[in-house]
Every structure is written in structure tokens, then in C-alpha cells.
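Along the sequence shown, the residues carry numbers beginning at 1. Every heavy atom of this structure was used, including side-chain atoms; hydrogens, water molecules and symmetry mates were not. Note that ligands are numbered from 1 as they come in the structure, with each ligand's atoms numbered from 1 the same way. Source: prediction; values computed, not measured.
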Amino acid sequence: MIIQTIHMKSVTAEGQGTLSVFEASRDVPFDIKRIYYIHGAPQGTQRGGHAHKALRQVLWCPYGSILIRLDDGHEKSEVLLNDPAKGLIVEHNMWREMIWQQENSVLCVAADSYYEAEDYIRDYDEFLKHMGVEK
Ligand code: T46
């Protein structure tokens, strides 16, 4: 499985923190139509448990530490988002789970499409079938 991460350009101002930035279609391989973020989750929170038929996204964690588990039906992989300048590209046809390693960690997501409930596959057996994987 190829894991695509990006390192965001970061500009530190002495004693005033750091500005990190990425640009649609330049630093991530798509245009961005929607941004959402998940906050206020206790440590140990597990979210996700689905795949998308078409949606492509970039995930980043500006505060805290969140483990992302990816599964393409053949291989599984994990990426720890614990650096505000690190982004993870999650392509379509990828089962994902997100596990909060630290309370109040924030997960930000920029997506290439508007919200569409029909794009989700929320049943793992259905996902394997969609991917043509024999159980
Ligand atoms: C993903 C991971 C990383 C909306 O109404 N609009 C939206 O744009 C989104 C993303 C969600 N919702 C509603 C649908 C559900 O009633 O918000 C509720 C929670 O969504 P969900 O259970 O899918 O949340 P997560 O954290 O499991 O998954 C989310 C995204 O849905 C998903 O696309 O890849 O974050």
C-alpha cells in the first residue's frame, strides 16, 4: 500500500508560534470543496469505520495525536498524526479508522467533494465485495 503524506510549509516567527500552509492542487493532488474538523473527543475515541467510493481527502492534526488506520482490503497500514505540519492523503476505496491518542486532539479534513451519504460504505463485508476481495 502506498501511503501519501505531505509536509506543510511552516514559517516560525520567533516567540510567536508557527504558521503552516498547504495549497489545493499544488500540495495536495485535488481541489478542495469542503472542510470539516472533529474536536472535543476524549482519549481512546474511535471514529471512522467506513470507506468512500469516490471521495479524496487530506487529514491533518493541528493539535494532539491521532492514529489513522488504513485498509485497502489487501493490506493494512497505520499513520500517526502528531505533527501539525504533517498531512495524510486518503484516497477513495480505503477503509479508515481514527483513534484518539490524546484528549482534545483535533482532526481537520479537507475533501474534494461536498457531503454525500451515498458515497460511504459503512459495512466491512460490503467494502471487501466492492474491492473484489474474496473472504
Ligand atoms: C471521513 C473521516 C475522516 C455531515 O452532515 N456532513 C459532513 O460533511 C460530514 C463529514 C459528516 N456529516 C454528518 C454525518 C453524521 O451524521 O456528521 C455525522 C458524523 O459523521 P461520521 O460518523 O461519518 O464521522 P466520522 O468521524 O466517523 O468520519 C468523518 C467523515 O464522515 C469521513 O468522510 O473520512 O471523518
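When the side chains of ILVMFWY residues are joined at heavy-atom separations under 4.5 Å, either directly or via intervening members, Met94 and Leu81 end up in a single hydrophobic cluster.
Here the CD1 atom belonging to Ile3 is positioned 10.5 Å from the CD atom belonging to Glu91, to the nearest 0.5 angstrom. Interatomic distance, CD of Gln57 versus CD1 of Ile32, reported as 10.5 Å (0.5 Å rounding). Taken from CG in Asp119 to NZ in Lys53, the straight-line distance is 6.5 Å, to the nearest 0.5 Å.
Relative ring orientation between Phe127 and Trp95 is described as tilted, the plane-to-plane angle lying within the 30° to 60° band.
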Report all side-chain donor-acceptor pairs from residues 4-11 shorter than 3.5 Å, counting only partners two or more places apart or in another chain.
residue	atom	partner	partner atom	Å
Ser10	OG	Met8	O	3.1
Ser10	OG	Ser20	OG	2.8

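Sorted by chain and number, the residues within 4.0 Å of ligand 1 by heavy atom are Arg34, Tyr36, Ile38, Arg47, Gly48, His50, His52, Gln57, Arg96, Met98, Tyr115, Tyr120, Arg122.
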